[in-house]
J.: 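There's a structure below that I have some questions on.
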Amino acid sequence: MPVRNTCDKMKRVAEIRHLTGQTRDELVEFVTGLGLPRYRADQIFRGLHERRIRDLDKITDLPKDLRSQLDQLATASTLSVESRYLSSDGTRRYLMKTPDGRPVETVFIPTENRDTICFSSQSGCPLKCDFCLTAKLGLLRNLTAGEIVEQIIVVLNDVYGEGAETPHGTNLVAMGAGEPFLNFDNLIKALEIMSDEHGLFIVPGRVTVSTAGIVPKIREFATLERRPNLAISLSAASDELRDRLMPINKRWGLDDLMSAAKDFEKTLKRGERFTFEYVLLGGVNDSVEQAGQLADLLMKHDLRRVKINLIPHNPAEQLDYHPSSPEQVMLFKETLESLGVSAYVRTPRGRDIYAACGQLAAKEIRGSIMSDANELKLAL
Ligand code: SF4
C-alpha cells in the first residue's frame, strides 16, 4: 500500500472513536455531546457488548439516520482477522491485525466445563524473556482498551455466532503477547467494560492477569477493589538463572518480587490463592534440585497461599530451548508436592497449530511490519 494511503488510513482511525473501548460514562458523554438523550448510550453499549455487534449499522434499535451519523464519527470494530487455525483438540488460534498493521494474537481454549480465552495486552512485547518468541518482535505498541475487548468479542462470535450465548461461561487470561502491567490503565479499563452485567458479563473473578514481575504494578494491582486473579511468571528460583531467562529480573530481583508477592498475599480474601507460573525448559530449570530451590524460595518468603502452574515449554524453531520430558515434569511436580507446595501441570494445547506465544505473529506478520515500519520511516 502506498505510504500516503497508509498514513491517511491511520489518521482516520486515530480521529474516529472506537466505541467498543468506551466505558458507559464515556458513551454517555459522547452521545450527550452530540445532543442525543442518555439512553442512546445504553442502546449502543448493549448492542456492542451484549449482542456483540461489530458494525454500528446493525444496531437496529438506533434510527437509521443516527446510525449514519455515528458511522462518520465512530466505529464498532478495528481489528481484522488475518488468519485462524483450528487444532485437533478444539483450540483456536487467531492472528488479528490492528488498522496500523500490528499483530494481535488470541487463543480460544475449550475444556469440558469452561472455555478460556487467552488475550494479548500489547502488540509484541518490550521484555526480553529468552524462551519467548514474542520477545523477538520487541514492543510494537500498547493495545487500546477497545482492542483488548474486541479480541474477546471476535473469538466469542467466531465460536458461538454473533451475540449467541456462551454455554460454559468464559474465563479470560491475560497471558498472550505483551506484559499486561506495562499497559495497566488500558487493561483495567477493558476489564471494567467486560465485567458489565449488561455486556459480556465476565466478572474479575473469572479473569487472571499474568505478569513477568513489574513490582510496583503488583502493589498497585493489590489495591484494586474488584481485582482479577494474579499469576506471576517465575521460571527460575535463583537470580542468576532468572536474570538470563527473564531479564526483567535485573530490574526487580527475586527478593523484591517475592516481597511484593507477599504483600499481595496479605490482601487475599479467605480461600483465595494466587499463582506462580513456571515454564519448564528441558535441562535448564527442571532438575529436582531446582524444584527444591523453588520450594525454599517460597518458604523463605513465607508464601503459603500459592500454587505453582508448571507449563511445559512450547518449542519453536527460532528458540534454543526444548520441553522437559513428561517424566521430568512429573518428577519436578512430585518434588514440589513432597515439600508441601501445590503444583499443577498445564496440559499443552494446540501444539499442532503454532502453540508458542508469538509464533503466528513472527511467522506471518514480521516481514510486513518491518516493511511498513521502513515505509513510515521513509515518509517522515
Ligand atoms: S513471556 Fe510474556 S513478558 Fe516475556 S517476552 Fe514473552 S510476552 Fe513478554
Side-chain angles (χ1 to χ4, degrees), residues 93-96 98 102-107 116-143 147-148 151 172-184 186-187 207-218 221 228-236 239 241-254 256-257 260-261 275-281 284-285 308-323 346 348-350 354-363 365-366 369:
R93 296 184 70 84
Y94 301 81
L95 176 64
M96 304 185 206
T98 63
R102 301 313 185 214
V104 178
E105 284 188 62
T106 316
V107 187
T116 299
I117 297 174
C118 173
F119 66 93
S120 296
S121 50
Q122 297 181 307
S123 180
C125 182
L127 305 190
K128 296 189 178 347
C129 303
D130 205 38
F131 49 82
C132 171
L133 260 189
T134 302
K136 313 253 180 249
L137 292 175
L139 175 65
L140 299 171
R141 71 165 168 81
N142 278 340
L143 297 181
E147 287 163 345
I148 293 174
Q151 290 174 64
L172 300 184
V173 290
M175 292 180 191
E179 162 53 57
F181 282 174
L182 292 180
N183 189 15
F184 196 83
N186 287 345
L187 172 83
V207 180
T208 301
V209 177
S210 169
T211 178
I214 310 295
V215 163
K217 291 295 177 187
I218 293 175
F221 187 76
N229 304 300
L230 176 69
I232 297 174
S233 180
L234 201 56
S235 298
D239 278 315
L241 182 57
R242 199 163 186 270
D243 278 356
R244 181 152 66 86
L245 295 179
M246 301 182 71
I248 189 67
N249 196 68
K250 294 178 190 163
R251 176 75 179 80
W252 291 288
L254 281 173
D256 279 350
L257 180 58
T275 306
F276 284 106
E277 291 164 329
Y278 195 101
V279 176
L280 282 165
L281 306 162
V284 175
N285 65 356
I308 305 286
N309 267 358
L310 298 171
I311 307 174
H313 170 63
N314 282 317
E317 236 174 64
Q318 303 89 324
L319 297 172
D320 292 335
Y321 297 96
H322 62 270
R346 190 184 298 162
R349 300 292 303 260
Y354 308 105
C357 170
Q359 211 164 0
L360 291 186
K363 176 179 172 290
I365 291 276
R366 194 152 204 261
I369 294 165

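Read the numbers this way: they start at 1 and go in the same order the structure lists the ligands and their atoms.
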J.: Is any side-chain heavy atom of L133 less than 4.5 Å from a side-chain heavy atom of Q318?
T.: yes
J.: Which ligand 1 atoms, with their elements, are less than 4.0 angstrom from a heavy-atom of A135?
T.: 5 (S)
J.: With a cut-off of 2.8 Å, does C129 put an N/O/S atom close enough to atom 4 (Fe) of ligand 1?
T.: yes
J.: Any side-chain to backbone donor/acceptor pair from N142 onto Q122? Under 3.5 Å, distance only.
T.: no
J.: Enumerate the atoms of ligand 1 whose separation from the nearest heavy atom of G178 is less than 4.0 angstrom.
T.: 7 (S)
J.: Taking only heavy atoms of L127, which atoms of ligand 1 are found under 4.0 Å from at least one of them?
T.: 3 (S), 5 (S)
J.: So do L245 and V284 actually touch side chain to side chain, heavy atoms under 4.5 Å?
T.: yes
J.: With a 4.0 Å cut-off, would you call E277 and R346 a salt bridge?
T.: yes
J.: With a cut-off of 2.8 Å, does C125 place any N/O/S atom under that distance from atom 6 (Fe) of ligand 1?
T.: no
J.: Check ligand 1 against C132 and write out every atom of the ligand that is under 4.0 Å from a heavy-atom position of the residue.
T.: 1 (S), 5 (S), 6 (Fe), 7 (S)
J.: Does E179 come within less than 4.0 Å of K217, counting only side-chain N to carboxylate O?
T.: no
